[in-house]
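Any value given below was found using the heavy atoms of this structure, including those in side chains, with hydrogens, waters and symmetry copies removed. In this text the structure is predicted, and so the values were computed from the model without any measurement.
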Amino acid sequence: MTPPFPPTRPTGPTGHAKPARGSVPWVSLALITALGAGTVRARQRLRALPVLPAATGPTGSPGAALLPRPAGWYLITAPGVEADAATFLAACAYADRQGLRVLDLVPADLPAEQALGLLRLVDPAAYPLDRLAEGRGAGYAVLVAEDVLDRGGPGDWTSATAPRTRAELLALVRRLKEFAPAATGLAVAPGLRCGPGSQPADRAAELRAQGLPPGPLAGAQLAGLGALTAGCLRQGRWGALAAALYWLQPYAVLGGRRGPLRPADLARATAARPWHSLRAALRTAGAAPTPGPGPDGVPNGDGPDPAAAYRVELAAGTDRFFEARRCDCPWCGSEQLAVLVRVPDLLQGKPGRFVLERCGDCGHVFQNPRLTPEGLDFYYRDFYEGHGGEGAGTVFGRLGESYRRRASMVRPYAPPAGPASWLDVGTGHGHFCNAARAVWPDTRFDGLDMGEGVRAAELRGWAGTGYQGQFPEFAVKLAGQYEVVSMFHYLEHTRDPLTEIDTAATVLAPGGHLLIELPDPQSRMARLLGPAWLPWFQPQHQHLIPAANLREALAERGFTVLAEEHGPAHQGNDFFGAVALTVTRLAPDPDSPWAVRTTPGRRALRHAVRVAALPCFVAAAGLDAVRSAVARVTDGGNAYRMLARRDEE
């Protein structure tokens with residue numbers, strides 16, 4: 001019998017529905033876990049923040065103003081921020097004692113939300129030791145050694161008329177960290193005061209100056225506030241607990257009398273946090289999407305319109321960028337070929353379609369038809385430099401642990417002090433050379449690449465010498481000069497991998513080592529994810545080489561394979577990369593220089609797809625973590641590393 005009224009859920013005293021009995025408030029529990037972990041981590045980092053000691057005169061009494069000004073140091077401050085002589089001398093003494101060349105000074109009265117943001121971004125204990133960490137600071141004052149400022153500081157930052165907004169100081173510290181990768185730190189300066197605080201409208205510019213995307217961060221903040229509100233309304237005490245944790249977090253982290261930071265606005269920031277957060281997120285999201293200061297700290301100026309250049313090139317079509325399709329395998333000559341995947345450009349969304357074919361006899365996978373050199377130039381452009389350079393640099397900067405593992409693979413076969421000379425081929429911006437110095441501090445690391453980034457690596461000191469050009473062009477010049485040559489995810493980009501290996505054999509001294517890392521086309525994930533498997537990396541990857549084929553090629557060229565790793569070489573990005581490629585396929589960036597049309601509708605579609613994909617990215621990150629753990633145990637990752645010795649003649 002049908003009841004006269006539909007069943008209702010019980011309500012609480014406020015009239016809101018209570019959670020159904022037995023239901024689990026997963027969203028609120030996840031928020032409580034994240035907020036609790038973030039609070040504990042922030043407290044730990046707060047305790048690890050170094051504090052400048054007071055500067056004293058010869059008798060031990062305060063007398064910093066009477067001491068001589070140390071030469072070779074500059075103190076750059078934001079408008080309204082003044083550092084007295086005591087602070088300056090204490091900072092110089094601390095930097096000298098710690099071996100630092102760049103020191104960001106954190107005011108003791110740093111506003112609460114800015115302090116929480118700094119603690120989210122920086123682990124004070126690990127920051128000075130991490131050669132690839134992005135430069136971070138409070139943005140109020142920075143002490144810089146003269147030699148570092150000369151090499152890395154754009155413009156005249158020592159002039160009294162130099163622009164010094166907080167956003168520009170944040171960008172400056174980010175850049176200077178690249179020129180002093182193991183000699184940059186931060187410390188609380190008890191005598192320093194913030195002066196006029198930054199306005200909420202400045203937040204977007206300050207985020208951009210740190211390489212952080214204002215729009216997505218504002219969207220995530222709004223989504224979090226929405227989840228907290230929904231939890232309060234629908235998940236009872238668990239939702240209220242999550243909201244309370246968020247509300248009280250500033251005081252939970254920064255409260256107390258013993259902390260190095262004592263924000264003057266702590267009580268106000270805690271009491272009004274939800275409203276302040278909502279207002280800041282809305283203002284950030286609504287800020288004009290004009291570029292702020294670039295990585296060099298200088299506001300981006302007007303230059304040639306890249307969109308116009310792309311329109312001219314695309315008017316002639318993309319068919320001209322391809323060679324004729326070949327009928328045989330470039331590795332073994334077999335004609336047993338089969339199409340493996342057909343995909344558009346899922347990396348940047350440029351026009352064109354690409355085909356990968358697999359040889360039925362040797363398993364070699366290659367682009368067919370392949371791009372011409374002009375085509376490669378077109379599709380590489382604005383990926384590692386220019387339009388996409390910022391994102392590429394950020395990704396490479398997060399692979400420090402992977403770089404150190406690669407460098408450590410030669411340890412069982414190298415002298416105790418390490419190899420004397422190492423050439424990293426395909427070094428990009430030199431991130432591996434920079435990180436590997438932590439493993440082999442006495443080794444000379446040189447880099448070679450086609451792009452301009454190798455020159456920047458030399459300028460920053462990440463690479464001793466930067467060679468720009470094709471590797472085979474340097475075979476004669478560099479013959480027999482290196483004890484180690486490395487090629488990390490390089491061979492798959494080349495037009496003729498066997499010629500590259502021949503060049504490595506020439507460049508290596510007898511008994512030298514060749515270290516290669518490649519994506520594994522025989523990975524199970526390649527079959528599972530199909531065209532969305534990130535290591536296909538079309539249109540850039542020209543060849544994907546099975547491990548057996550590489551072993552055979554090395555043996556034919558006088559190498560002895562000493563070690564081979566699959567699980568340790570695994571890159572944990574299978575599922576996350578698949579989501580990212582799918583997002584690009586569904587909604588390419590309408591603001592890219594090569595976009596056919598840029599309309600509000602396309603921007604809205606792009607934004608909607610990215611928002612809808614957020615849960616997928618979270619789930620993909622979890623799956624990748626599980627997949628990586630399994631790959632390490634089973635030695636079945638999506639890539640492999642091979643170390644070979646060139647036999648002495």
Side-chain angles (χ1 to χ4, degrees), residues 25-49 51 106-127 136-140 186 188 194 197-200 202-204 206-207 210 212 214 216-285 614 618:
W26 292 112
V27 174
S28 291
L29 289 177
L31 290 171
I32 290 169
T33 301
L35 287 166
T39 300
V40 171
R41 182 183 64 179
R43 287 287 298 178
Q44 292 173 338
R45 291 182 172 183
L46 180 67
R47 288 194 294 268
L49 268 176
V51 180
V106 182
D109 64 342
L110 189 68
E113 286 297 339
Q114 291 182 18
L116 291 176
L118 180 64
L119 294 172
R120 276 193 294 270
L121 291 174
V122 180
D123 180 357
Y127 177 68
R136 303 295 189 197
Y140 289 94
L186 73 169
V188 177
C194 287
S198 60
Q199 300 300 313
D202 298 334
R203 183 167 179 256
E206 291 167 2
L207 290 172
Q210 298 177 87
L212 303 172
L217 287 179
Q221 189 173 6
L222 290 172
L225 290 171
L228 288 169
T229 303
C232 286
L233 296 176
R234 301 183 61 86
Q235 297 187 337
R237 63 175 64 92
W238 293 107
L241 178 58
L245 279 175
Y246 176 77
W247 204 318
L248 299 174
Q249 190 182 46
Y251 192 83
V253 174
L254 301 166
R257 297 182 179 180
R258 297 184 177 180
L261 296 179
R262 298 182 182 181
D265 68 337
L266 180 57
R268 183 173 65 256
T270 302
R273 194 183 194 204
W275 292 273
H276 288 171
S277 297
L278 178 61
R279 183 177 63 178
L282 290 174
R283 287 186 176 182
T284 302
L614 284 176
V618 173

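- Here the closest heavy-atom approach between residue Thr270 and residue Pro250 is recorded as OG1-CB, 3.5 Å.
- Distance alone, capped at 3.5 Å, is enough to place a donor-acceptor pair between the Arg136 side chain and the Gln210 backbone.
- We find the CD-CG distance between Glu206 and Leu212 to be 11.5 Å, quoted to the nearest 0.5 Å.
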Q: I would like to know whether Leu207 and Thr284 meet side chain to side chain contact (heavy atoms under 4.5 Å, CB included); could you show each step before the answer?
A: CA-CA 9 Å; Leu207 290 172; Thr284 302; 4.1 Å; yes

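- Counting all heavy atoms, side chain and backbone alike, Trp238 lies closest to Pro25 at CD1-CG, 3.5 Å.
- Residues meeting the side chain to side chain donor-acceptor pair (under 3.5 Å) test with Arg273, sequence neighbours left out: Glu113, Gln249.
- In this structure, Leu119 and Leu49 have side chains that are in contact, with non-hydrogen atoms separated by less than 4.5 Å.
- Scanning all heavy atoms of the two residues, the minimum distance from Pro111 to Pro263 falls at C-CB, 4.2 Å.
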Q | Worked verdict on Arg279 versus Leu282 for side chain to side chain contact (heavy atoms under 4.5 Å, CB included) | A | CA-CA 5 Å; Arg279 183 177 63 178; Leu282 290 174; 5.9 Å; no

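- To the nearest 0.5 Å, atoms CG (Leu228) and CG (Leu35) are separated by 6.5 Å.
- Heavy atoms only, all atoms of each residue included: Ala48 and Pro124 are closest at O-CB, 3.7 Å.
- Looking at every heavy atom in both residues, Leu31 comes nearest to Ala242 through CB-CB, 4.1 Å.
- Nearest heavy atom pair, residue Ser28 against residue Gly231, reads OG-CA, 3.9 Å.
- Within 6.0 Å of atom CZ in Arg41, more than 12 heavy atoms from other residues, nucleotides or ligands are found, so the atom counts as buried in its surroundings.
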Q: Could you please spell out the steps behind the side chain to side chain contact (heavy atoms under 4.5 Å, CB included) verdict for Leu245 and Thr39?
A: CA-CA 9 Å; Leu245 279 175; Thr39 300; 5.8 Å; no

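- Of the candidates Leu261, Leu254, Val253, Asp109, Leu254 is the only one forming a side-chain contact (heavy atoms from CB on, under 4.5 Å) with Leu266.
- Between the side chain of Arg262 and the main chain of Ala108, no donor-acceptor pair closer than 3.5 Å is present.
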